[in-house]
Enquirer: 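Right, I'll just put the structure down here and ask away after.
We number each residue from 1, following the sequence as shown. Only this structure's heavy atoms are used, side chains among them; waters, hydrogens and symmetry mates stay out.
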Amino acid sequence: MWHLTCGDLAADSVRRRLGDGDGDGDGEAVRVLRDDLAVGPLADIESPPCAERVAFWEGVWPAALAPRPDFAAGLADDAEWLAGLASQPRPVTVWHGDSASEQLLLARVAAALEGSSLPFREVPCGTGDSRVGTRMAVSMHAPDALAALYLPRAVGPQRIAELASQWRAAVQGNAAIRRWVDGRFAAEDHARIDGQLLAACGADWMPLARAMAEVMSRCDGFFATDLFLYWRARQLAQRGTIQLSDSMAADYRDVLARRCH
């Protein structure tokens, strides 16, 4: 059985639930897909070398932050692995919560398995509500709570078709951001998140981390990560909308920000 998760924290939680230190005992294997599918272009995500998506992540990652992931190898490997998923013998289980990335992973796997006879299951770990304060990602559950949620459900042909259609629409839309709202993906550009980040910055110097935390606390529909928001802050600084004390810093926690007068 393949157990698929979005991110390392979720994978660690699932491995603990399976009681398997390395994630590959008794035919149970955990596969981590780390790409945050809620943000960035998707047009070439299934077409190695995934140049457009690689370029996006290369821009998001601070130049001074090390070690730097090998985005080209990682994204191409994911695309190739998923392309061959239906032809391998192991059943597939996707663990997902209210993260837009987790829901997009579920839809992506459904698209890869559409028309296949391979057993496909899901373990829902969310509340169904992606708003701040109510949503739950897989990694947010305590081990005992996650154990109680391990009730795999078969994903039938109709649901597979619906999920696969949502994935294809997301890829074709190629939006900057995808929020998960009422069971659907809503596409948008950077204007909303940039406006929130600008509003969170004061006229006087303040820690950028404080402004980012304010945006995170109000970000319904997807988890705006620190790396993503630090990138947006650098973009706003390039436009002259805000000032940063150091736009080249690897660690945003040492950076101050203020609105331009």
Enquirer: Starting from V181 and following side-chain heavy-atom contacts under 4.5 Å between hydrophobic residues (I, L, V, M, F, W, Y), which residues can be reached?
Expert: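 Taking Ile, Leu, Val, Met, Phe, Trp and Tyr as members, V181 stands alone, with no cluster partners.
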Enquirer: Do F71 and V32 sit in one hydrophobic cluster, given that two such residues count as connected whenever their side-chain heavy atoms are within less than 4.5 Å of each other, even indirectly?
Expert: no
Enquirer: Show which side-chain atoms of residues 79-87 pair as donor or acceptor with protein atoms under 3.5 Å away, not counting sequence neighbours.
Expert:
residue	atom	partner	partner atom	Å
S87	OG	G84	O	2.9

Enquirer: Please step through salt bridge (Lys or Arg N to Asp or Glu O under 4.0 Å) for the pair D8 and R31, ending with a clear verdict.
Expert: CA-CA 9 Å; D8 292 289; R31 169 95 184 191; over 6 Å; no
Enquirer: May I have all residue pairs that pass side-chain hydrogen bond (donor to acceptor under 3.5 Å, both in side chains) and include part of residues 192-203, sequence neighbours excluded?
Expert: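 Non-adjacent pairs meeting side-chain hydrogen bond (donor to acceptor under 3.5 Å, both in side chains): D194-R232, D194-R239.
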Enquirer: Using side chain to side chain contact (heavy atoms under 4.5 Å, CB included) as the criterion, point out the one residue from L146, V123, L149 that pairs with V138.
Expert: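 Only one option passes, and that is L146.
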Enquirer: Give a yes or no on whether the backbone of V132 and the side-chain of D220 come within a donor-acceptor separation of less than 3.5 Å.
Expert: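 Side chain of D220 to backbone of V132: a pair is present.
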Enquirer: Taking atom types as modelled and ignoring hydrogens, do the side chains of E28 and W2 form a donor-acceptor contact shorter than 3.5 angstrom?
Expert: no
Enquirer: Consider only side-chain heavy atoms of I, L, V, M, F, W and Y, link residues closer than 4.5 Å, and tell whether L65 and V255 are in one cluster.
Expert: yes
Enquirer: Any pair with a residue in residues 120-168 that passes ring-ring contact (aromatic ring centres under 6.0 Å, His included), sequence neighbours left out, goes on the list, sorted by first then second residue, please.
Expert: W95-Y150
Enquirer: Check whether any side-chain heavy atom of L118 sits under 4.5 Å from a side-chain heavy atom of Q88, and report yes or no.
Expert: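 The answer is yes; the side chains approach within 4.5 Å.
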Enquirer: Let me confirm one number: the OG-CD1 distance from S247 to I242, rounded to the nearest 0.5 Å.
Expert: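 One gets 10.0 Å once the value is rounded to the nearest 0.5 Å.
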Enquirer: Could you pull out all residues at least two apart from R253 that satisfy side-chain contact (heavy atoms from CB on, under 4.5 Å)?
Expert: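 R253: side-chain contact (heavy atoms from CB on, under 4.5 Å) contacts with D251.
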Enquirer: Given side chains that start at C-beta, do those of L37 and R108 come closer than 4.5 Å, heavy atoms only?
Expert: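 They are in side-chain contact.
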Enquirer: Identify which one of L33, T5, D35 satisfies the side chain to side chain contact (heavy atoms under 4.5 Å, CB included) criterion when paired with L105.
Expert: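 The residue from L33, T5, D35 that satisfies side chain to side chain contact (heavy atoms under 4.5 Å, CB included) with L105 turns out to be L33.
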Enquirer: Of all heavy-atom pairs between L75 and V54, which one has the smallest distance, and what is that distance?
Expert: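 Smallest heavy-atom distance, with atoms named: CD1-CG2, 3.6 Å.
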Enquirer: When you group the ILVMFWY residues by side-chain heavy-atom contacts below 4.5 Å and let the links chain together, are L244 and L198 in the same group?
Expert: yes
Enquirer: Under 30°, 30 to 60°, or over 60°: which ring-plane class applies to W231 and H190, parallel, tilted or perpendicular?
Expert: perpendicular
Enquirer: Under the side chain to side chain donor-acceptor pair (under 3.5 Å) test, which residues partner S47, sequence neighbours left out?
Expert: none
Enquirer: Sequence neighbours left out, what pairs pass side-chain hydrogen bond (donor to acceptor under 3.5 Å, both in side chains) with at least one residue falling in residues 200-213?
Expert: none
Enquirer: Please give me the minimum heavy-atom distance between A175 and E188, naming the atom from each residue.
Expert: CB-O, 3.9 Å
Enquirer: Do V39 and I45 belong together in a cluster built from hydrophobic side chains that touch within less than 4.5 Å?
Expert: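 Unlinked, V39 and I45 end up in two clusters.
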Enquirer: In chain order, what residues pass the side-chain contact (heavy atoms from CB on, under 4.5 Å) check against Q166, with sequence neighbours excluded?
Expert: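 Per chain and number, Q166 pairs via side-chain contact (heavy atoms from CB on, under 4.5 Å) with E162, R184, F185.
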Enquirer: Contact between V60 and Y230 at the side-chain level, heavy atoms closer than 4.5 Å - yes or no?
Expert: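 With C-beta onward as the side chain, the pair stays apart.
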Enquirer: Can you check side-chain hydrogen bond (donor to acceptor under 3.5 Å, both in side chains) on W57 and D36, steps first, answer last?
Expert: CA-CA 10 Å; W57 282 118; D36 183 355; over 6 Å; no
Enquirer: Could you pull out all residues at least two apart from D70 that satisfy salt bridge (Lys or Arg N to Asp or Glu O under 4.0 Å)?
Expert: none
Enquirer: Taking all atoms of both residues into account, what is the closest heavy-atom pair of V171 and L42, and its distance?
Expert: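 The answer is CG1-O, 3.5 Å.
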Enquirer: Looking only at non-hydrogen atoms, find the nearest pair between S101 and C6 and report the distance.
Expert: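 Distance-wise, the nearest heavy atoms are CB-SG, 3.7 Å.
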Enquirer: If the condition is salt bridge (Lys or Arg N to Asp or Glu O under 4.0 Å), which residues does E58 pass it with, not counting sequence neighbours?
Expert: R68
Enquirer: For the residue pair R135 and F223, would you count it as a cation-pi contact if the rule is NZ or CZ under 6.0 angstrom from the ring centre and within 45 degrees of the ring axis?
Expert: yes
Enquirer: Side-chain contact, heavy-atom cut-off 4.5 Å: L4 with T93?
Expert: no
Enquirer: Find the distance between CG (N174) and CG (D44) and round it off to the nearest 0.5 Å.
Expert: 8.0 Å
Enquirer: What closest approach, in Å, do C201 and A257 show between heavy atoms, and which atom pair accounts for it?
Expert: SG-CB, 4.2 Å
Enquirer: Do I193 and L229 have side chains that get closer than 4.5 Å, going by heavy atoms?
Expert: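 Yes; the side chains approach each other to less than 4.5 Å.
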Enquirer: What distance do H96 atom NE2 and M136 atom CE have between them, rounded to the nearest 0.5 Å?
Expert: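 Result: 14.0 Å between the selected atoms.
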Enquirer: Do Q243 and R258 make a side-chain contact, defined as non-hydrogen atoms from C-beta onward lying under 4.5 Å apart?
Expert: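 They are in contact (side-chain heavy atoms under 4.5 Å apart), so the answer is yes.
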Enquirer: Checking S130 against D98 for the side-chain hydrogen bond (donor to acceptor under 3.5 Å, both in side chains) test, could you report, in this order, the C-alpha distance in whole Å, the side-chain angles of both residues, the deciding distance, and whether it holds?
Expert: CA-CA 5 Å; S130 62; D98 301 314; over 6 Å; no
Enquirer: In chain order, what residues pass the side chain to side chain donor-acceptor pair (under 3.5 Å) check against Q235, with sequence neighbours excluded?
Expert: none
Enquirer: With a 4.5 Å cut-off on side-chain heavy atoms, are P62 and L227 touching?
Expert: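 Sidechains of P62 and L227: in contact.
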Enquirer: Can you find a heavy atom in the side chain of R53 that is under 4.5 Å from one in the side chain of P41?
Expert: yes
Enquirer: For A147, check side-chain contact (heavy atoms from CB on, under 4.5 Å) against everything at least two apart and list the hits.
Expert: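 Testing A147 for side-chain contact (heavy atoms from CB on, under 4.5 Å), a comparison that skips the adjacent residues, returns R17.
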Enquirer: List the atom of A200, the atom of V215, and the distance in Å for their closest heavy-atom pair.
Expert: CB-CG2, 4.3 Å
Enquirer: Is F228 reachable from L104 through a run of I, L, V, M, F, W or Y residues, each pair having side-chain heavy atoms under 4.5 Å apart?
Expert: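 No, it is not one cluster - the side chains of L104 and F228 are not joined through contacts under 4.5 Å.
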Enquirer: Just verifying a value: how many Å separate I160 CD1 and S165 OG, rounded to the nearest 0.5 Å?
Expert: 13.5 Å
